[in-house]
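Accompanying notes for the structure given below.
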Amino acid sequence: MKYSKRVVGVKASEIREILKLAARHDIISFAGGLPAPELFPIREMEEVSRTVLEEMGQEALQYSPTEGYEPLRDFIAGRMAKTGVKTDRDEILIISGSQQGLDFAGKIFLDPGDTVLCESPTYLGAVNAFRAYEGNFREVATDNEGMIPEDLEKALKETPDVKFIYVIPDFQNPSGRTWSLDRRKALVELANQYGIPIVEDNPYGELIYEGERLPSIRSLDTKGLVMFLGTFSKTFAPGLRIGWINAPKEILAKCIMVKQSSDVQSSSISQREIAVFVEKYDFEKHVEKIKSTYRKRRDLMMDSMGKYFPDSVEWTHPAGGLFTWVIVPDSIDTKELMERTLEETKVAYVPGASFFPNGGVKNTMRLNFSNMPEDKIVEGIRRLGELLKREIG
Ligand SMILES: Cc1ncc(COP(=O)(O)O)c(C=O)c1O
């Protein structure tokens with residue numbers, strides 16, 4: 001069979017392959033980015049589904065406008081104020097998870113051979129989405145405060161055909177790090193200077209466990225260059241597949257066009273279910289409940305790593321989100337170690353190499369702390385610590 005070059009260039013996601021193994025019941029999995037399923041509002045959703053079908057059943061099962069359900073777009077526009085953005089429904093497009101927004105960014109900005117500037121490391125799902133449009137990657141050096149402006153400027157100056165800058169400024173996947181306000185401002189200044197759009201992917205901003213939420217990159221945008229991606233996957237339920245794009249009208253118009261040919265619209269029923277949920281119940285309280293569980297799990301993972309990991313291992317202290325990033329001594333290749341870890345300890349993690357689009361870094365791993373119950377977090381970290389101690393010797 002002869003497939004397009006586009007498809008031949010895309011590799012199967014290693015995370016998905018690992019997730020298949022990690023789903024086994026005997027495995028303690030720190031691998032996926034899954035929310036805690038026991039926090040899904042199942043009883044409330046029984047009521048909500050009934051209300052939607054009783055009160056708007058015909059609309060909920062019918063085709064609906066590509067832009068999305070207006071009451072939901074209004075709710076999202078109001079919620080964007082939390083990130084410092086003043087906007088309205090005309091700048092909101094409902095999409096089928098923020099993953100679809102990544103696909104659209106690739107579709108509207110990239111020609112084969114164009115370059116995306118991204119954080120090093122960055123989200124693997126975005127890399128795969130952009131690769132499908134035959135994009136290349138120039139990784140920009142990062143530290144605890146975000147992209148290093150000098151390296152970003154160098155990349156903008158020296159790289160031909162840069163089409164956009166892709167960033168995850170809040171509680172990044174995979175590193176758990178958050179950009180400082182100064183770095184956010186520096187990014188916008190450089191993007192303005194070079195006239196390059198920014199794709200701000202922000203699935204985790206609402207899940208903040210300490211400190212104040214910083215203004216989004218989109219809120220600092222003065223030239224209509226920022227496309228913001230949000231989602232209900234982590235604050236509500238990923239199975240509904242509802243996310244959004246908040247962008248200047250010019251960019252949004254292109255996204256609406258590609259959405260029409262991609263899937264026409266996102267699920268009419270899912271959109272109404274979320275809209276009715278936020279009307280009937282206190283969404284803020286729901287998010288607070290999730291935050292309080294995840295904060296406890298984060299603290300427990302941090303404490304357990306302090307207790308069981310060897311001294312030569314380091315990790316990030318995420319102020320929100322779902323992940324911590326672990327750096328082990330250079331001598332360890334976490335990808336090679338993965339299979340043995342699964343066999344010997346029944347613990348799963350994601351090898352960090354997957355998050356560097358141009359490869360090269362072998363001694364890191366991403367651990368998720370949202371999905372496993374407390375006792376499994378302690379036991380999994382204890383087993384991983386023992387194995388690392390044996391490896392390091
Ligand atoms: C950084 C980032 N972007 C986008 C997504 C996609 O999320 P969804 O399509 O469920 O909104 C994820 C999911 O884990 C993610 O971590």
Side-chain angles (χ1 to χ4, degrees), residues 13-16 18-19 22 29-37 40 68 72 76 79 83 92-107 116 118-132 137 142 146-147 164-179 198-208 216-218 227-246 255 259 262-263 266-267 270-271 274 287 290 294 316 318 320-325 350 352 354-357 366-371:
S13 156
E14 282 174 57
I15 296 189
R16 300 262 171 270
I18 294 166
L19 271 177
S29 178
F30 302 133
L34 304 186
F40 294 150
L72 183 62
I76 291 166
R79 209 142 174 102
T83 78
I92 307 281
L93 167 65
I94 305 291
I95 51 177
S96 305
S98 49
Q99 190 66 35
Q100 186 170 50
L102 297 170
D103 179 57
F104 288 177
K107 208 166 191 172
V116 177
C118 64
E119 291 156 282
S120 181
T122 189
Y123 171 53
L124 177 65
V127 170
N128 283 336
F130 305 150
R131 279 225 170 98
F137 298 88
T142 58
M147 271 183 183
F164 62 88
I165 309 167
Y166 170 66
V167 294
I168 311 153
D170 292 356
F171 323 127
Q172 203 234 18
N173 181 2
S175 72
R177 293 179 181 131
T178 296
W179 287 46
I198 299 169
V199 175
E200 176 180 18
D201 189 9
N202 203 322
Y204 304 111
E206 298 232 17
L207 300 179
I208 176 165
S216 58
I217 312 286
R218 167 90 172 114
M227 172 174 170
F228 178 104
L229 307 179
T231 181
F232 286 104
S233 287
K234 314 295 174 177
T235 53
F236 198 73
L240 290 172
R241 305 309 301 135
I242 298 292
W244 65 91
I245 299 173
N246 169 237
C255 294
K259 184 155 176 77
S262 175
D263 64 351
S266 295
S267 160
S270 291
Q271 293 186 63
I274 297 182
V287 175
I290 295 175
Y294 291 180
T316 57
L322 310 186
F323 307 107
T324 177
W325 181 245
V350 182
S354 331
F355 302 99
F356 296 89
R366 188 193 75 179
L367 299 183
N368 164 274
F369 54 78
S370 61
N371 184 243

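In each ligand, atom 1 is the first atom listed, and ligand 1 is the first ligand listed.
Annotation: Arg241 places an N or O atom under 3.5 Å from an N or O atom of ligand 1; distance criterion only. Below 3.5 Å of separation, one finds no N or O of Ser96 facing any N or O of ligand 1. An N or O contact shorter than 3.5 Å is missing between Tyr166 and ligand 1 by distance.
For ligand 1, the atoms lying closer than 4.0 Å to a non-hydrogen atom of Ser233 are 8 (P), 10 (O), 11 (O). Set against the non-hydrogen atoms of Pro203, the atoms of ligand 1 under 4.0 Å away are 1 (C), 2 (C), 3 (N), 15 (C). Within the listing of ligand 1, atoms 13 (C), 14 (O) sit less than 4.0 angstrom from a heavy atom of Lys234. For ligand 1 and Gly97, the ligand atoms under 4.0 Å from any heavy atom of the residue are 9 (O), 11 (O).
The closest donor-acceptor contact from the side chain of Ser98 to the backbone of Leu229 lies at 3.5 Å or more, if one exists at all. Side-chain N or O atoms of Thr316 include one that pairs as donor or acceptor with a backbone N or O of Ser175 at under 3.5 Å.
Protein heavy atom closest to atom 6 (C) of ligand 1, with residue, atom name and distance, is Ser98 OG, 3.5 Å. Scanning the protein for heavy atoms near atom 2 (C) of ligand 1, the closest one is Asp201 OD2, 3.3 Å.
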Under the side chain to side chain contact (heavy atoms under 4.5 Å, CB included) criterion, do Phe323 and Phe30 qualify, and how do the steps go? CA-CA 9 Å; Phe323 307 107; Phe30 302 133; over 6 Å; no
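Nearest to atom 16 (O) of ligand 1 by heavy atom, out of Phe232, Phe171, Tyr123, Tyr204, is Tyr204.
Using 4.0 Å as the threshold, Gln172 has no heavy atom nearer than that to any atom of ligand 1.
With 3.5 Å as the limit, one finds a donor-acceptor pair spanning the side chains of Ser96 and Ser266.
Checked against a 6.0 Å centroid threshold, the rings of Phe130 and Phe164 count as neighbours.
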